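Here's the structure we're looking at; comments come further down.
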Amino acid sequence: MKRRHLMYLLSGVCGLYLISSVWVMYLLGDEKGRMTVNNLIAYIQHETPDNSRCQVVDLSGMSFDYAKVAIATNKDPWQQLSQATCPSEDAPVDIQMEKEWDHIPINYPNFVFSVSGWIQVVKVKTWRVKPLEVIIVPHSHQDPGWLKTFDQYYTYYTSSTLDLVVDKLTGHPDWTFIWSDVIWLARWWSEASADKKLKLNKVLSSGQLEIVTGGWVMTDEATAHYAAMLSQLTEGHQWLKQNLGITPNVSWAVDPFGHSATMTYLLQRSNLQKMVIQRVSYAVKQHLASGRNLEFYWTQAWDRAHTTASLCHMMPFLSYAIPFSCGPDPQVCCKLDFINSKCYYGQEKVPPIRVDDSNVAYLAEELWEQFQKKAELYQHGVLLVPHGDDFHYRYSTEWDRQLGNLTKLMNFINTNPRMNTKIRFGTLSDYFTALAKKSTATEALQIPTLAGDFFTYTDRADQYWSGYYTSRPHLKHMARKIQAILRSVEILFSLCLAQAIHRSTIERIMEILKDAAKLQTYRQTLALFQHHDAITGTAKRKVVRDYGDRLQNAFVGLSSILCSLLAKELSAKVNIEQVKVQLNNEWTAYGKLLTKRTVVMDGAWDTGHVVVYNSLPHRRQGIVVLHVTESKVKVKDRTTGHYMSCQINPVWSNNGVLQMDVYELVFEVDLPPLSVRTYALTSATDHFPTMASLSVPVSQLPDFRNMDDPGFTLSAIKDALFTIENSYLLASFATCTGKLQYTTRKSDGQTLKSEVKFMTYGTGSKYNIFKDKSGAYTFQPDGAAKPLLDDGVKVYVVEGPVMSKVIAVQSDIVHTTTLHNKSAGVYVDNVVDMSSGQWNNTELVLRLDTAVVDPDNRLCVDLNGFQMYKKRTRKKLTIQGNFYPVTSMAVIETSEERLTLMTSAAHGVASLNPGELEVVLDRRLLQGDWRGLNEGVTDNIPTHRGFPYVLPFSYGYGNVR
């Protein structure tokens, strides 16, 4: 009998979407001596008779003998995990950045306000006269959201700027301009008249206007995942190709806060093999400038043949703004801003000047001298001189004054034989073309090769920009969720469209294509969020909220498309006229956590179905977690007809309160590549699920006395340590804190320290007289981290055949540690709420204190989830300079052991001492950090942060080198 209606619940999207927790594994070494599990428990009980104090038994070095170990797969998972590690630092290049740091002096110059303006960090004390070719490149840096929202900026700034670009360049054939972010062009193009569009195409064809990089935005390079970086680049390039018929071939990245080798690779493989970068540590700029190495072939450390090399020009001074472009002396270059008061005398601003016959000679002489000084920093006499700043060139008078006055100076210099300088307006391509001509067969430039990255950035003193690695973590987390759903939808959309073309009518094809425009809109929303003031969390609160609302709308829209596509496929397969699919997780508002839908069990035979989708091109095993209204539920695999082994757990709210009207249903799934599997949920009269056992410390038993029977076996924890285990691991926890202390691997019985701690940093730099404090960009701690007090922690232990977990609830933090039965990792999840005043000017850190002690204190971090790079902790970089961005993985290791921490969103991480690995969870700051934002980070909202970590192993389980 055909049913007309059926409800499906999409439990999760396997792939990036289900990787929302981080799992941790220790790779354990061998030790002599064996002990059984029973002996371990007896040892703990014997050594810790008094539970009144929070004490931890030292189990380091002990090992335990397991006669029978249940192994889920034929291969040892530890051996599989051991194959990937940090790459060698011995890249065949002239400059290897990590090694170069050993030779880079750090003197922390404090910027002071002097009579002439800001002190410059790269100085030129002597210079010689030489012939020069100077390319002046007008530009306007337009952030799609920072102090104002994207829409506000477009209305008040960008729309008029682009109108003037086409009008002014059309009227002045010798003027040029460059533009980077395609999101602005796309918005402007949608509103532009036919005449404006024609003018734009003409100035592009003439070479007066050049689109540089051509990404949807100028992406952040530290906290963005490579897939999202590539997606936004593709989105921009496709728009340019489809609407303007052009493909960029040079890159311009002047505002991301540090630069990644991953972005270089993506650009090079997209045929952008020449690039300009700006925000690099002043110490690095000083060092490279001293050897005239500010231009280099930037290659990948693993590319021994240098096939990935791109020619990179590093701008030498503080900023891309006009006062820091023409030469090393900003008190001179500031005069070239003919519209804004950028020069100072003491604290007084000097009005802009106009070039006329009375001053052109001395102004040209000053400018020429700056060109000569700047040329001392490079190996040749070809100079790139950008001329612009944030949101410049939005008024007609500005164009006339800026480029008109420059033209007068250029004409004077060009006609002065003594100066021997040719100067003109141009584009980035003009500069690199002139540079190529300079490097002839008889005068080949000795441009070095370089491998590595340029993190962590600092522009002055000890004010390292490592704070933004974590700022506004909730949106960083949700952006990765949306990225995963988007990928899943794109795959399903392509498959459904292909099937419709092959099998269906034109009506079915058109029905599917209706989602294409929506899909592109949501893809562009995610691309916008990769901007270097969006995903970084460094915008005004109102702008952050605008980004968040856009992401939440994309999440809801993509979820709807995903469910719609699955519903159509399921409807055809099960011969049901109407199928409704809902995503298991809901994001109902910007300031809310993801929540699980509750499946209401009404006793009917077919209450509902669960659809699990594996979007990955390989087999995926995982855990499905649902919330249901009754405990007697059975789950049937509709593909095999088999009933699944299920477990029922109690449910706690985000603030740690036990919920009596809902249960957690857990079962394991094993999905083939690119597959959809359906499971039926029914009220059980047989095949009952296993009810988990619940344990709490003795002191918490009174909490349950007046509570209705939850249906779970309740027992008391009487000892200072307790354990949970799965097929691979035995984990020991402190009863008074609920935090992991030791991990024992059953395959060899070795126990190693793996202590989890919460730590906090205060703020207030101790290296400068102003005691500057952390803000959205910078991390400026007031000293070493301090332990967070564990007072009032509630501990709940849940154990069952599918998974076991320990939940520790304390003020504003819910900390959960989970062992899945068929996984060799430890999953650590945190729900953190730093919205209250008790967290003011505090940075919360999760620290792992382990036995993986590398005397050289090295740390291996991923770059954008694409590749791994090795870092060494150096005291001269201070605490904050030793934090690095991580988007997927961080590793500490020795020649025999390794600890791997994985994450599904960006964080700042460090290994400040051998054996330690710490990650910043959230930060609440009351002040700005003098970088233009002028407000703190106080809009904290509850945030989920998950970290699987992988434990140490020995050579017997795979070579870690």
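None of the values given here were measured: they were computed from a predicted structure. Throughout, residue positions are numbered sequentially from 1 according to the sequence presented.
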Below 4.5 Å, heavy atoms only, C-beta onward: do [X] and [Y] meet side chain to side chain?
{"X": "Phe296", "Y": "Met314", "answer": "yes"}
{"X": "Glu100", "Y": "Val284", "answer": "no"}
{"X": "Trp146", "Y": "Asp390", "answer": "yes"}
{"X": "Glu295", "Y": "Tyr378", "answer": "yes"}
{"X": "Tyr431", "Y": "Val137", "answer": "no"}
{"X": "Phe177", "Y": "Phe425", "answer": "no"}
{"X": "Met275", "Y": "Val250", "answer": "no"}
{"X": "Ile322", "Y": "Gln402", "answer": "yes"}

Is the backbone N or O of Leu318 less than 3.5 Å from a side-chain atom of Gln278, with the two atoms forming a donor-acceptor pair by type?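 Indeed, once roles are kept as given, a pair shorter than 3.5 Å links the two residues.
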Any donor-acceptor pair under 3.5 Å from Asp862 side chain to Met889 backbone: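 Side chain of Asp862 to backbone of Met889, a donor-acceptor pair under 3.5 Å: yes, one is there.
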In sequence, state the C-alpha distance, the side-chain angles, and the governing distance for Ile178 and Leu209, and then conclude on side-chain contact (heavy atoms from CB on, under 4.5 Å). CA-CA 6 Å; Ile178 61 171; Leu209 175 64; 5.9 Å; no
Taking the six-membered ring for Trp, are [X] and [Y] ring centroids under 6.0 Å apart?
{"X": "His141", "Y": "His532", "value": "yes"}
{"X": "Tyr226", "Y": "Phe866", "value": "yes"}
{"X": "Phe779", "Y": "Tyr464", "value": "no"}

Applying salt bridge (Lys or Arg N to Asp or Glu O under 4.0 Å) as the test, list every pair that has at least one member in residues 247-259; sequence neighbours left out. Asp255-Arg279
[X] and [Y]: side chain donor to acceptor below 3.5 Å:
{"X": "Glu210", "Y": "Ser429", "result": "yes"}
{"X": "Thr308", "Y": "Asp303", "result": "yes"}
{"X": "Thr262", "Y": "Gln867", "result": "yes"}

Would you call [X] and [Y] a salt bridge, taking side-chain N to carboxylate O under 4.0 Å as the test?
{"X": "Asp220", "Y": "Lys476", "result": "no"}
{"X": "Arg550", "Y": "Asp151", "result": "yes"}
{"X": "Asp167", "Y": "Lys196", "result": "yes"}
{"X": "Arg945", "Y": "Asp922", "result": "no"}
{"X": "Arg187", "Y": "Glu191", "result": "yes"}

Can a cation-pi geometry be assigned to Lys481 and Trp587, taking NZ or CZ under 6.0 Å from the six-membered ring centre and within 45° of the ring axis? no
Cation-pi geometry met for Arg931 and Tyr777 (6.0 Å, 45°): no
Tyr457: what forms a ring-ring contact (aromatic ring centres under 6.0 Å, His included) with it, not counting sequence neighbours?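 Partners of Tyr457 under the ring-ring contact (aromatic ring centres under 6.0 Å, His included) test: Trp465.
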